[in-house]
Engineer: 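This is the structure I have questions about; it appears just below.
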Amino acid sequence: MGVMHTLPHPERDEIRIAAVLHALADPVRLRIVRELARADGVSCGSMGLGVSPSTLTHHVRTLREAGVVRVQPRGTSRISSLRREDLDALYPGLLDGVLAAPR
């Protein structure tokens, strides 16, 4: 069994609004963010989003690269959590607005 390496994440000052908005514009990624807002620190594979593992990996990678989520290895899983503190500091009210918006 291989060692799971830490994935690269942008630092707070590297997070750009265009990348965040692009990541949040996809319905599946928005569902992931809404799930993480309810139960932060979960394996995205346990969310039952109805997409293939490779599609889920793509969506989580897009969110991670945009600075919306942090993904940490834990055992054989990767646990995702919302970077609420960073996003709230950079773009006050954005995440609350997105999460409160009607579907």
Side-chain angles (χ1 to χ4, degrees):
M1 186 180 333
V3 175
M4 209 178 268
H5 299 286
T6 302
L7 298 166
H9 295 81
E11 296 296 326
R12 181 185 283 187
D13 65 351
E14 297 171 328
I15 297 172
R16 298 291 176 254
I17 189 67
V20 171
L21 292 175
H22 170 77
L24 295 174
D26 183 89
V28 173
R29 292 193 289 266
L30 189 53
R31 283 177 52 206
I32 292 169
V33 168
R34 285 185 166 140
E35 288 294 323
L36 291 175
R38 280 197 288 273
D40 211 24
V42 298
S43 168
C44 286
S46 69
M47 288 185 195
L49 297 171
V51 297
S52 70
S54 62
T55 299
L56 182 60
T57 297
H58 163 75
H59 286 305
V60 172
R61 181 179 65 242
T62 300
L63 289 166
R64 176 181 52 80
E65 290 175 348
V68 177
V69 301
R70 183 165 302 282
V71 181
Q72 299 294 337
R74 187 175 303 154
T76 58
S77 298
R78 288 188 172 167
I79 305 300
S80 298
S81 57
L82 201 53
R83 291 181 65 176
R84 181 179 281 279
E85 185 177 314
D86 289 334
L87 293 171
D88 287 348
L90 291 167
Y91 313 113
L94 174 69
L95 201 51
D96 289 335
V98 166
L99 294 171
R103 293 180 181 352

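Heads up: numbering here begins at 1 and tracks the sequence.
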Engineer: I need the E65 CD to I15 CD1 distance, nearest 0.5 Å.
Structural biologist: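 E65 CD to I15 CD1: 12.5 Å, rounded to 0.5 Å.
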Engineer: Return yes if some donor-acceptor pair links the side-chain N/O of R64 with the main-chain N/O of P8 below 3.5 Å, else return no.
Structural biologist: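 Checking the backbone N and O of P8 against the side chain of R64, a donor-acceptor pair under 3.5 Å is found.
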Engineer: If we ignore hydrogens and angles and just use 3.5 Å, is the side chain of R16 paired with the main-chain N or O of D13 as donor and acceptor?
Structural biologist: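 Yes; judged by distance alone, with no hydrogens or angles, the pair exists.
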Engineer: Could you report the tightest heavy-atom contact between I17 and Y91, atom names first, then the distance?
Structural biologist: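 So the minimum-distance heavy-atom pair works out to N-OH, 3.0 Å.
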Engineer: Should the heavy atoms of other residues, nucleotides or ligands under 6.0 Å from CD of E85 be counted, would the total exceed 12?
Structural biologist: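 At most 12 heavy atoms, drawn from other residues, nucleotides or ligands, come within 6.0 Å of this atom.
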Engineer: Could you tell me which non-hydrogen atom of I79 sits nearest to which non-hydrogen atom of G41, and how far apart they are?
Structural biologist: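 In this case the closest contact between I79 and G41 is CG2-C, 3.2 Å.
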Engineer: If you look at every heavy atom in R84 and L99, which pair is closest and at what distance?
Structural biologist: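 Result for this residue pair: NH2-CD1, 3.1 Å.
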Engineer: Got a second to check how far L21's CG is from L94's CG, nearest 0.5 Å?
Structural biologist: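 Nearest 0.5 Å value for the CG-CG distance: 6.0 Å.
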Engineer: Using every non-hydrogen atom in the two residues, find where R83 and R12 come nearest and quote the distance to one decimal.
Structural biologist: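 Reported closest heavy-atom pair: NH2-N, 4.0 Å.
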Engineer: Once you round to the nearest 0.5 Å, how far does OG1 of T62 lie from CD1 of I32?
Structural biologist: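 These two atoms lie 9.0 Å from each other.
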Engineer: Taking all non-hydrogen atoms of both residues, which atom of S80 and which atom of L36 are closest, and how far apart?
Structural biologist: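 Heavy-atom minimum between the residues: O-CD2, 3.3 Å.
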Engineer: Say you draw a straight line from CZ of R31 to CG of D26; how long is it, rounded to the nearest 0.5 Å?
Structural biologist: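 Atom-to-atom, R31:CZ and D26:CG are 10.0 Å apart.
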Engineer: Under a 4.5 Å cut-off applied to non-hydrogen side-chain atoms, are L95 and V33 in contact?
Structural biologist: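 In contact.
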Engineer: Hey, what do you get for CD (Q72) to NE2 (H9), rounding to the nearest 0.5 Å?
Structural biologist: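 Those atoms lie 5.5 Å apart.
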Engineer: Can you name the nearest heavy-atom pair linking P10 to A66, along with the distance?
Structural biologist: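 Of all heavy-atom pairs spanning P10 and A66, the closest is CG-C, 4.2 Å.
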Engineer: Supply the atom-to-atom distance L7 CG to R78 CZ, rounded to the nearest 0.5 angstrom.
Structural biologist: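 So the gap between those two atoms works out to 4.5 Å.
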Engineer: Given H59 and L49, is the side-chain contact (heavy atoms from CB on, under 4.5 Å) satisfied, shown in steps?
Structural biologist: CA-CA 11 Å; H59 286 305; L49 297 171; over 6 Å; no
Engineer: Is there side-chain contact between R29 and V68, with at least one heavy-atom pair below 4.5 Å?
Structural biologist: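 No, every pair of side-chain atoms sits at 4.5 Å or beyond.
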